[in-house]
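Chain naming here is simple, since letters A, B, ... match the order of the sequence lines and numbering starts at 1 in each.
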There are 2 protein chains.
Amino acid sequence: MSQSGDIIRKLSKQGYRLTPQRMMILEVVERADSHISAEEIYTQILARYPHLNISTVYRTLELLKELGLVTETDLGDGRVRYHSMKKGRHHHLVCQKCGAIIDLDESVLSPLKVALLREYKFSADLRHLAIFGRCANCR
Amino acid sequence: MSQSGDIIRKLSKQGYRLTPQRMMILEVVERADSHISAEEIYTQILARYPHLNISTVYRTLELLKELGLVTETDLGDGRVRYHSMKKGRHHHLVCQKCGAIIDLDESVLSPLKVALLREYKFSADLRHLAIFGRCANCR
DNA sequence: ACAGCGATTGCAACCATTTGCAATTGCAAT
DNA sequence: ATTGCAATTGCAAATGGTTGCAATCGCTGT
């Protein structure tokens with residue numbers, strides 16, 4: 001964790017405490033192959049360290065979101081998934097028929113972001129979106 | 001309910017049954033001032049007609065969504081809200097600081113829809129979106 | 001090293017929504 | 001009008017996530 005120092009500083013600078021639970025949760029999210037659910041984070045940590053409650057996982061993920069370290073997205077499978085911001089921004093197209101998930105570059109949404117800013121003076125938080133619809137094969 | 005005929009035909013044509021519960025739920029959604037929650041639909045009907053279960057409300061709303069009669073949207077207050085399709089399409093900008101909700105014309109999202117169709121051959125279902133961020137006053 | 005205080009955690013209860021299943025009911029054929 | 005059967009409902013349990021509160025713990029100043 002060469003980058004932990006940054007995060008530790010970021011936390012303590014804003015008056016947040018560095019607890020073992022927080023460190024482990026952040027570590028699991030950063031290590032994760034890709035999008036990981038709260039339950040998955042919870043059971044992974046519990047296997048090695050039994051002093052953790054699921055509500056702490058949710059509260060910590062909320063904090064990491066506010067600090068801009070993770071993003072969340074709902075791919076439509078009844079649970080929210082989290083993703084380390086360090087691993088790059090992107091979005092998803094989710095086919096409602098076959099379930100295919102197509103990754104989408106951030107740039108596709110920049111015109112929308114610009115339009116909302118210009119026409120409504122609204123700064124949209126389009127960090128990690130899931131857009132539902134039908135893929136090429138399912139129409 | 002001058003339009004009920006349409007809906008009744010639409011239901012029975014596809015093998016769905018016309019139950020009193022369904023009729024009342026649809027009626028309440030169509031009558032509603034604007035975006036209404038499942039719980040609100042449930043209690044409104046229960047006041048006059050006691051044979052209704054909340055899970056029937058959810059299942060009926062799911063059906064009405066599939067038939068294109070209602071849309072749902074999550075304005076970030078921990079419950080999903082429903083809206084009659086007959087009352088026009090629109091989207092919402094939700095300010096995460098002050099909670100302001102700005103209504104958005106459908107047209108703002110058409111360039112995105114076109115781009116996704118052209119570049120990804122993906123037909124996006126952008127029926128009733130909530131976009132989160134910061135409004136003009138809160139930046 | 002220790003005390004004090006506020007931040008954080010665990011716990012249990014709660015909330016909105018979904019699901020499996022048996023009982024009921026709408027509707028088509030008779 | 002009656003029957004048969006699949007669609008629908010009600011119920012109760014389960015799911016993912018949130019919250020209030022008392023107990024605990026990290027950090028700052030001594």
Rounded distance (Å) that lies between atom C1' of dT18(C) and atom CZ of R79(A): 12 Å
Euclidean distance, atom CG of residue L63(A) to atom P of dT8(C) [Å, nearest integer]: 7 Å
Can you give me every donor-acceptor pair (side chain of residues 132-139 of chain A, partner residue at least two apart or in another chain, under 3.5 Å) with its distance?
unit_1	atom_1	unit_2	atom_2	d
R134(A)	NH1	C138(A)	O	3.1

Nearest-angstrom distance from the residue atom CG of L52(B) to C1' of dT8(D): 13 Å
Contact pattern, 5' to 3', of nucleotides 18-30 of chain D - B, S or - by protein heavy atom under 4.0 Å: BBB----BBS---
Upstream residue (5' side of DNA chain D) when P50(B) and V80(A) are each assigned their closest nucleotide: P50(B)
Pairs satisfying salt bridge (Lys or Arg N to Asp or Glu O under 4.0 Å), at least one member in residues 35-48 of chain B, at least two apart: E40(B)-R81(B)
Phosphate contact (dT25(C) OP1 or OP2) by Q21(B) side-chain N/O below 4.0 Å: no
Phosphate contact (dT8(C) OP1 or OP2) by R22(A) side-chain N/O below 4.0 Å: yes
Residues that E106(B) engages under side-chain hydrogen bond (donor to acceptor under 3.5 Å, both in side chains), provided they are two or more places apart: R89(B)
Distance, nearest 0.5 Å, that separates CG of D125(B) from CD of Q96(A): 5.5 Å
Separation of atom NE2 in H51(A) from atom C1' in dC11(C), rounded to whole Å: 15 Å
Hey, can you pull the donor-acceptor pairs under 3.5 Å for the side chains in residues 13-22 of chain B, sequence neighbours left out?
unit_1	atom_1	unit_2	atom_2	d
T19(B)	OG1	R22(B)	N	3.2
R22(B)	NH1	R17(B)	O	2.8

Whole angstrom value for the distance that separates C1' of dT9(D) from CD1 of I45(B): 14 Å
Watson-Crick or G-U counterpart of dT30(C), or none if no pair lies under 3.5 Å: dA1(D)
Between P of dT8(D) and CE of M23(B), the distance in whole Å: 15 Å
Show me the side-chain donor-acceptor pairs of residues 57-65 of chain B shorter than 3.5 Å, one per line, residues at least two apart or across chains.
unit_1	atom_1	unit_2	atom_2	d
R59(B)	NH2	S55(B)	OG	3.4
T60(B)	OG1	T56(B)	O	2.8
E62(B)	OE1	K65(B)	NZ	3.1
K65(B)	NZ	E72(B)	OE1	2.9

Side-chain donor/acceptor of K113(B) to backbone N/O of L126(B), under 3.5 Å: no
For atom CD1 of I25(A) and atom C1' of dT9(C), their distance in whole Å: 10 Å
Whole angstrom value for the distance that separates C1' of dT17(C) from CG of D77(A): 15 Å
